Every structure is written in structure tokens, then in C-alpha cells.
Asks: 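Handing you this structure, nothing more for now.
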Amino acid sequence: MCSYVPPEIISASGFEPLPIIFPPLYPERTDEVYPKYFCPYIRNVNEYILRNGLNLEKIILTDGCDSSKRIYECWKELGVSNSIYFLRIPFNSDENSVKYFATELKELFKDLNGGIETEKLVKTIDFYNSLRDKIRRDGLNPLSIFSLLTGEAYTNFENNYDHNPQVKVYLLSSMFPLDFIKYLHSLGVEVAYIDSCFGGNLLERVENYHKDPFYVISEYYLKRTACVRSLGQEKRIENIKRLKENIDGVIIYTLKFCDPLIYQSARLREIIKTLNLPVLTIEDDYTLGNKGQIRTRVEAFVEMIYERRKVSL
């Protein structure tokens with residue numbers, strides 16, 4: 001449920017890593033368990049589990065945000081899983097933090113694998129790097145990131161994106177329903193890059209890992225484009241600048257009650273505007289229940305981009 005959990009560690013232990021992302025559901029059962037101001041993504045996951053009576057054999061949770069800390073206690077009480085592992089993530093990315101997280105990852109590997117076999121992890125990182133190269137080389141749709149997380153070369157999502165879209169955008173979010181991308185596409189908007197918990201930053205190669213793979217993996221996940229819980233947004237801004245010529249604007253999809261992203265979005269909007277890029281903020285509760293309103297705002301956003309194109313001609 002958190003992008004700080006390296007799929008390389010899980011895969012090297014003989015398991016298949018699966019990101020927990022379910023279709024949007026109206027929270028009928030979840031209100032009994034969580035308050036209404038709780039993270040809508042986690043409420044959605046919980047709703048799907050409760051409706052379908054799922055019992056997951058193994059879940060890895062983190063302290064990535066306040067909501068993820070709370071579900072650790074709730075899911076133990078509800079019996080959602082036979083085994084819940086709690087991975088602690090340092091807030092910073094300095095040398096001491098990298099060393100601390102490397103130790104945490106070793107303990108996770110021991111829990112899954114029964115010991116430390118560095119060679120297994122090195123081979124798995126080799127494999128994941130080859131998948132990263134393949135995804136970038138073949139230019140698959142943005143949802144290809146989920147094929148990387150599950151250790152597959154290609155995603156199961158339909159790769160039917162229009163090669164001549166009306167508008168290309170940079171999507172910034174924490175978590176979002178996958179149907180949101182498909183809905184944008186139906187409105188003539190192609191997501192050229194995903195900047196989210198599970199986004200394009202995970203396609204960067206892991207380098208120089210053969211000597212101490214746990215340390216390097218720790219550094220890789222702590223120092224990539226910042227999680228929205230971090231105040232440091234320099235890499236994110238540099239990424240938008242790098243992609244500026246290939247995008248028409250930026251869409252910020254904010255989950256209700258996701259305080260870190262809501263807090264930072266105002267500053268990010270101002271910086272993005274200085275790059276002469278239009279920006280649209282969509283607030284949603286992960287259900288896409290207000291598609292009519294979203295459609296109206298996206299269509300107005302697209303029209304604004306058309307007008308800018310006319311002026312620049």
C-alpha cells in the first residue's frame with residue numbers, strides 16, 4: 001500500500017508483490033470502522049475487503065502517513081490478514097536515515113525469507129532494472145508502472161491510448177483510482193507522466209548495488225522524487241521543467257483529507273504557473289462520484305489550453 005516498500009525485497013523472497021488498488025466503491029461498510037475524514041484511498045481498500053470478505057495472507061504496512069499507521073491497529077482487530085508486517089520509514093533521507101532504513105529492509109527480508117541472501121536480492125534488482133529499461137524503451141502507457149511492481153514486463157491494462165491526443169498532461173497525486181486516467185482519456189486528455197505514490201519515478205534504474213544492495217535500495221527509495229509527506233519538492237519541480245516541452249499542463253488530483261498534498265498544492269500551483277503551464281486541481285474522495293463536475297472542469301481546462309495554443313500561433 002506504500003511505494004516505500006521495495007518490490008525487489010518481496011520478489012527476492014519468493015513472493016509476488018501486489019499493490020493494493022481496488023476499483024472505486026461507495027463506503028457502505030467502512031463508516032462503521034473509520035471516521036469520515038479518514039484517507040479515502042484506505043477507506044476504499046477497506047470497503048473492498050469488507051464487502052468481499054477477503055483475508056490476505058501477508059500485508060506490509062508502513063508509517064508513511066497518519067492513516068497508514070491507524071490501519072495497522074484496525075486490521076489486526078478486524079482480522080484482515082494472517083500476518084501484518086509494519087515497516088518503519090524515516091522522514092528524512094540523510095546518511096543516518098538511509099542506514100536506518102537499510103536495517104529495516106534487512107529485517108523485512110529476514111521476515112519474508114528466513115535469512116539474508118544478498119545474491120538473491122542482487123539478481124532480483126538486475127531483473128527489475130531490465131523491466132524498467134523495457135518499459136521506458138517500449139513507451140507503454142503510464143499504467144505500465146503497475147507491471148513493474150508485480151514483476152511483469154507488460155501491464156494487463158488495455159494499451160489503447162490515442163497516439164494523437166488532444167492534450168497531454170502531467171498528473172500529480174498521492175493515490176488515485178486507475179479509472180481516473182481512463183476517464184481523462186475519454187475527455188481527450190492523455191496522462192503523459194504520473195507523479196504519485198506509484199509513479200514514473202519508480203522507473204529510474206537502481207545503480208551500483210552489487211556490493212551492498214540493502215543500502216543502495218534504501219537510498220534509492222528514500223531519495224527519489226519526494227513523497228508528498230516530504231516538504232522537499234525540488235526534484236518534482238525539476239521533473240516538470242524537464243517534461244515541459246512534452247506536456248500542455250498539469251493536473252493535481254487531491255484526495256479529500258490528504259493534508260500533505262493539500263498543503264503543498266498551493267505552493268506547487270504557483271511554481272507551475274511561473275513555468276507558463278496551466279494547472280487544474282481536482283479534489284475527489286476516490287469514488288469518482290462527481291464525474292459530472294470533473295468533466296465540466298476538465299473540459300474548461302482543455303478549452304483554456306486550446307486558447308493558449310491559438311495565441312502562441
Side-chain angles (χ1 to χ4, degrees), residues 1-11 13 15-25 27-93 97-98 100-114 146 149-150 173-177 196-198 202 214 217-218 221-222 226-230 255-263 285-286:
M1 295 183 67
C2 177
S3 64
Y4 281 105
V5 180
E8 294 93 337
I9 297 287
I10 299 173
S11 184
S13 303
F15 298 97
E16 181 180 2
L18 295 173
I20 303 179
I21 299 175
F22 297 126
L25 294 171
E28 298 173 354
R29 301 281 303 277
T30 306
D31 285 345
E32 304 171 4
V33 184
Y34 300 121
K36 291 185 180 297
Y37 56 81
F38 208 70
C39 170
Y41 159 67
I42 292 177
R43 284 167 60 88
N44 185 82
V45 170
N46 198 79
E47 181 69 26
Y48 189 92
I49 288 174
L50 290 178
R51 283 196 196 185
N52 293 277
L54 297 185
N55 180 268
L56 307 177
E57 184 169 346
K58 183 80 170 182
I59 300 176
I60 301 173
L61 301 178
T62 72
D63 55 356
C65 69
D66 288 341
S67 293
S68 65
K69 294 177 185 176
R70 300 287 78 78
I71 58 172
Y72 178 70
E73 289 89 2
C74 291
W75 282 8
K76 283 196 302 182
E77 186 71 22
L78 291 171
V80 166
S81 175
N82 300 328
S83 175
I84 303 178
Y85 189 94
F86 193 76
L87 179 67
R88 294 173 177 82
I89 306 168
F91 189 83
N92 298 314
S93 58
S97 298
V98 172
Y100 173 84
F101 193 44
T103 301
E104 284 289 302
L105 293 179
K106 284 183 181 179
E107 292 302 314
L108 171 61
F109 192 84
K110 287 180 183 178
D111 181 81
L112 294 173
N113 205 49
F146 295 99
L149 295 170
T150 57
S173 180
S174 49
M175 294 295 290
F176 60 90
S196 71
C197 293
F198 299 115
L202 293 176
F214 288 100
I217 283 287
S218 169
Y221 281 92
L222 288 181
C227 169
V228 295
R229 72 179 187 144
S230 170
L255 286 176
K256 288 184 177 180
F257 316 119
C258 183
D259 293 338
L261 184 54
I262 293 172
Y263 173 77
D285 60 0
Y286 203 87

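Since we're looking at a predicted model, the values are computed, not measured.
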Asks: With the side chain counted from C-beta on, respond yes when Y4 and L87 share a heavy-atom pair under 4.5 Å apart, and no when they do not.
Replies: no

Asks: Would you compute the distance between atom SG of C74 and atom CD1 of I84 and round it to the nearest 0.5 angstrom?
Replies: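 Spacing of SG (C74) from CD1 (I84) equals 10.0 Å.
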
Asks: Taking K76 first and then E73, would you say they form a salt bridge - that is, a charged N and a carboxylate O separated by under 4.0 Å?
Replies: no

Asks: Counting neighbours of NZ on K58 that are heavy atoms of other residues, nucleotides or ligands and sit closer than 6.0 Å, is the number greater than 12?
Replies: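 Yes, because the 6.0 Å sphere around NZ of K58 holds more than 12 heavy atoms from other groups.
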
Asks: With a 3.5 Å cut-off and no angle check, do the side chains of E8 and Y221 form a donor-acceptor pair?
Replies: yes

Asks: Do side-chain atoms of E47 reach the backbone of T30 as a donor and acceptor pair under 3.5 angstrom?
Replies: yes

Asks: Around atom CD of E57, are there more than 12 heavy atoms from other residues, nucleotides or ligands closer than 6.0 Å?
Replies: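 For E57, atom CD is not crowded (no more than 12 foreign heavy atoms under 6.0 Å).
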
Asks: Taking all heavy atoms of C39 and all of S67, pick out the closest pair and write down the distance.
Replies: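 Where C39 meets S67 most closely, the heavy atoms are CB-OG, 3.4 Å.
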
Asks: Flag the pair M175 / I42 as yes when at least one side-chain heavy-atom distance between them is below 4.5 Å, and no otherwise.
Replies: no

Asks: Measuring from atom CD1 of I262 to atom NZ of K256, what distance do you get when rounded to the nearest 0.5 angstrom?
Replies: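 Atom-to-atom, I262:CD1 and K256:NZ are 10.0 Å apart.
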
Asks: When rounded to the nearest 0.5 angstrom, what distance separates CG in D111 from CZ in F86?
Replies: 14.0 Å

Asks: Looking at CG of N82 and CD1 of I59, how far apart are the two atoms once the value is rounded to the nearest 0.5 Å?
Replies: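 Answer for the CG-CD1 pair, N82 versus I59, is 9.5 Å.
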
Asks: Flag the pair D66 / D259 as yes when at least one side-chain heavy-atom distance between them is below 4.5 Å, and no otherwise.
Replies: no

Asks: Are the side chains of F257 and D285 in contact, using a 4.5 Å heavy-atom criterion?
Replies: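 D285 vs F257: side chains apart.
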
Asks: Applying ring-ring contact (aromatic ring centres under 6.0 Å, His included) between Y41 and each of F22, Y34, Y48, Y286, report the one that passes.
Replies: Y286

Asks: Under the rule for ring pair (Phe, Tyr, Trp, His ring centres under 6.0 Å), what residues qualify as partners of F109, not counting sequence neighbours?
Replies: F214

Asks: Taking all non-hydrogen atoms of both residues into account, name the closest pair between L222 and S93 and its distance.
Replies: O-CB, 3.7 Å

Asks: Quick check against the 3.5 Å criterion: does S196 have a side-chain atom that pairs as donor or acceptor with the backbone of S173?
Replies: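 Between the backbone of S173 and the side chain of S196 there is no qualifying donor-acceptor contact (under 3.5 Å).
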
Asks: When you measure from the side chain of S81 to the backbone N and O of L56, does any donor-acceptor pair fall under 3.5 Å?
Replies: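 Between the backbone of L56 and the side chain of S81 there is a qualifying donor-acceptor contact (under 3.5 Å).
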
Asks: Can you check whether T62 reaches V5 side chain to side chain, under 4.5 Å on heavy atoms?
Replies: yes

Asks: Checking N44 side chain against P23 main chain: does a donor-acceptor pair fall under 3.5 Å?
Replies: yes

Asks: Taking the side chain as every heavy atom from C-beta outward, state whether L61 and S68 have any atom pair closer than 4.5 Å.
Replies: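 A side-chain contact under 4.5 Å is absent here.
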
Asks: Take N46 and L78 through the test side-chain contact (heavy atoms from CB on, under 4.5 Å) and record every step on the way to the result.
Replies: CA-CA 10 Å; N46 198 79; L78 291 171; 4.1 Å; yes

Asks: I need the S174 OG to F198 CZ distance, nearest 0.5 Å.
Replies: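 Going from the OG atom of S174 to the CZ atom of F198 covers 11.0 Å.
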
Asks: Rounded to the nearest 0.5 Å, what separation is found between the NZ atom of K110 and the OG atom of S13?
Replies: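 Nearest 0.5 Å value for the NZ-OG distance: 12.5 Å.
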
Asks: Show your working on side-chain contact (heavy atoms from CB on, under 4.5 Å) between V80 and I71 and close with a plain yes or no.
Replies: CA-CA 10 Å; V80 166; I71 58 172; over 6 Å; no

Asks: Could you check if a side-chain atom of R43 sits within less than 4.5 angstrom of a side-chain atom of D31, using non-hydrogen atoms only?
Replies: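 A side-chain contact exists here, since the closest heavy-atom pair is under 4.5 Å.
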
Asks: Just wondering, more than 12 heavy atoms not from E28 lying within 6.0 Å of its CD?
Replies: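 Above 12, so yes.
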
Asks: Restricting to non-hydrogen atoms, name the atom on R51 and the atom on L25 that form the minimum distance, rounded to 0.1 Å.
Replies: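 In terms of heavy atoms, the two residues are closest at NH1-CD2, 3.6 Å.
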
Asks: When you compare the side chain of D63 with that of I89, does any pair of heavy atoms fall below 4.5 Å?
Replies: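 Contact flag for I89/D63 side chains = yes.
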
